[in-house]
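All remarks here apply to the structure that follows.
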Amino acid sequence: QKTKSDMSWQAYVDTNLVGTGNVKQAGIFGLDGSLWAVSAGFSISGAEAKAIGAHFANPNGVFSSGINVCGVKYLGIKADDRSCYGKKGAGGVVCVKTNQAVLICTYDETIQPGPATNCVEKLGDYLIENGY
């Protein structure tokens with residue numbers, strides 16, 4: 001099994017997520033909520049990341065409690081054992097679980113939801129294909 005230290009996680013946040021222009025802020029966290037990499041100014045707490053990780057085991061919780069990121073509660077609009085999406089106004093959050101990590105990304109009113117979800121899901125697929 002590959003380990004967290006095998007990769008430069010910050011490059012994925014900077015280049016494959018925020019650098020695409022399809023997400024505003026992004027973080028990669030371990031399934032336990034531990035921080036692997038985060039974009040500048042993205043102040044999500046470990047407790048929030050851990051709670052999002054728990055949503056994948058109980059996706060229905062997304063609809064009842066929402067998705068909390070940086071103290072903002074997003075209305076749950078999609079949830080399963082791989083992906084959770086939330087919306088607040090014209091912005092939203094996209095969370096994708098891989099074998100070892102959770103990608104958590106937000107977008108604002110200047111970004112369409114489709115490209116945002118596509119961007120995050122695509123990186124999730126890549127990480128899963130590569131053992132992460």
Side-chain angles (χ1 to χ4, degrees):
Q1 177 165 337
K2 296 185 177 190
T3 64
K4 172 187 154 192
S5 60
D6 293 339
M7 301 286 271
S8 170
W9 296 103
Q10 194 62 48
Y12 284 107
V13 168
D14 297 340
T15 305
N16 299 73
L17 295 171
V18 177
T20 65
N22 292 323
V23 298
K24 188 78 171 172
Q25 294 183 306
I28 301 175
F29 299 84
L31 298 178
D32 61 357
S34 61
L35 174 65
W36 290 14
V38 69
S39 59
F42 195 39
S43 57
I44 184 170
S45 71
E48 288 174 327
K50 189 172 183 177
I52 289 168
H55 282 315
F56 298 104
N58 179 19
N60 287 336
V62 168
F63 302 109
S64 58
S65 63
I67 303 170
N68 292 293
V69 177
C70 301
V72 175
K73 183 176 180 176
Y74 293 84
L75 175 69
I77 57 172
K78 175 193 187 294
D80 57 36
D81 61 0
R82 176 195 152 97
S83 306
C84 297
Y85 302 166
K87 194 146 182 58
K88 181 164 179 76
V93 63
V94 180
C95 309
V96 175
K97 179 183 175 283
T98 70
N99 299 325
Q100 298 183 39
V102 178
L103 311 175
I104 302 171
C105 303
T106 62
Y107 60 92
D108 63 15
E109 67 282 349
T110 66
I111 299 169
Q112 291 295 314
T117 56
N118 237 4
C119 171
V120 184
E121 293 281 2
K122 192 170 153 187
L123 181 58
D125 287 341
Y126 174 80
L127 294 175
I128 291 168
E129 287 165 13
N130 286 280
Y132 295 97

Contacts table for residues 113-124: side-chain donor-acceptor under 3.5 angstrom, sequence neighbours left out:
residue, atom, partner, partner atom, Å
Thr117, OG1, Pro113, O, 3.2
Thr117, OG1, Gly114, O, 3.0
Glu121, OE1, Arg82, NE, 2.8
Glu121, OE1, Arg82, NH2, 2.6
Glu121, OE1, Ser83, OG, 3.3
Glu121, OE2, Ser83, OG, 2.5
Glu121, OE2, Tyr85, OH, 2.6

Please name the pair of heavy atoms, one in [X] and one in [Y], separated by the smallest distance, quoted to 0.1 Å.
{"X": "Val23", "Y": "Cys105", "result": "CG1-CB, 3.8 Å"}
{"X": "Ala90", "Y": "Glu109", "result": "CB-CB, 3.5 Å"}
{"X": "Gly53", "Y": "Val102", "result": "CA-CG2, 4.2 Å"}
{"X": "Leu17", "Y": "Thr20", "result": "O-OG1, 2.7 Å"}

- Message: Can you confirm whether Lys50 is buried at NZ, in the sense that more than 12 heavy atoms of other residues, nucleotides or ligands lie under 6.0 Å from that atom?
- Response: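 At most 12 heavy atoms, drawn from other residues, nucleotides or ligands, come within 6.0 Å of this atom.
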
- Message: I'd like to know if Leu35 and Ile67 are part of one continuous hydrophobic network [Ile/Leu/Val/Met/Phe/Trp/Tyr, side-chain heavy atoms within less than 4.5 Å].
- Response: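 Same hydrophobic cluster.
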
- Query: Less than 6.0 Å separating the ring centroids of Trp9 and Phe29?
  - Reply: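 No, the ring of Trp9 stays outside the 6.0 Å limit from the ring of Phe29, centre to centre.
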
State whether the side chain of [X] and the backbone N or O of [Y] hold a donor-acceptor pair below 3.5 Å, judged by distance alone.
{"X": "Gln25", "Y": "Tyr107", "answer": "no"}
{"X": "Thr106", "Y": "Lys24", "answer": "no"}
{"X": "Ser65", "Y": "Val62", "answer": "no"}
{"X": "Ser45", "Y": "Glu48", "answer": "yes"}

- Item | Atom pair CD (Glu129) and CG (Asn99), whose distance is rounded to the nearest 0.5 Å |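 If we round to the nearest 0.5 Å, Glu129:CD and Asn99:CG are 11.0 Å apart.
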
- Straight-line distance of Leu75 CG to Lys87 NZ, nearest 0.5 Å: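 The NZ atom of Lys87 is 9.5 Å from CG of Leu75, to the nearest 0.5 Å.
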
- Item | All salt bridge (charged side-chain N to carboxylate O under 4.0 Å, His left out) counterparts of Asp81, not counting sequence neighbours |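 Partners of Asp81 by the salt bridge (charged side-chain N to carboxylate O under 4.0 Å, His left out) criterion come out as none, since no residue qualifies.
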
- Task: Output all residues satisfying salt bridge (charged side-chain N to carboxylate O under 4.0 Å, His left out) with Lys97, sequence neighbours left out; order by chain, then residue number.
- Result: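 Lys97 satisfies salt bridge (charged side-chain N to carboxylate O under 4.0 Å, His left out) with no other residue.
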
- Message: Ile52 vs Val69, test: side-chain contact (heavy atoms from CB on, under 4.5 Å). Steps then yes/no.
- Response: CA-CA 9 Å; Ile52 289 168; Val69 177; 3.8 Å; yes

- Can you sort out the partners of Asn58 under side-chain hydrogen bond (donor to acceptor under 3.5 Å, both in side chains), two or more places apart, ordered by chain and number?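 With neighbours one apart ignored, the set is empty.
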
- Test side-chain hydrogen bond (donor to acceptor under 3.5 Å, both in side chains) applied to Gln10 - qualifying residues, sequence neighbours left out: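 Scan of Gln10 (side-chain hydrogen bond (donor to acceptor under 3.5 Å, both in side chains), adjacent residues dropped) gives Asp14.
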
Does [X] reach the side chain of [Y], with side-chain heavy atoms less than 4.5 Å apart?
{"X": "Val13", "Y": "Phe42", "answer": "no"}
{"X": "Leu103", "Y": "Cys95", "answer": "no"}
{"X": "Gln100", "Y": "Trp36", "answer": "yes"}

- Task: Report the relative orientation of the aromatic rings in Tyr12 and Tyr126; use parallel for angles under 30°, tilted for 30 to 60°, perpendicular for over 60°.
- Result: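 Tilted, since the angle between the ring planes falls between 30° and 60°.
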
- Which residues satisfy the side-chain contact (heavy atoms from CB on, under 4.5 Å) test with Thr98, sequence neighbours excluded?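 Scan of Thr98 (side-chain contact (heavy atoms from CB on, under 4.5 Å), adjacent residues dropped) gives Ala101, Leu127, Ile128.
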
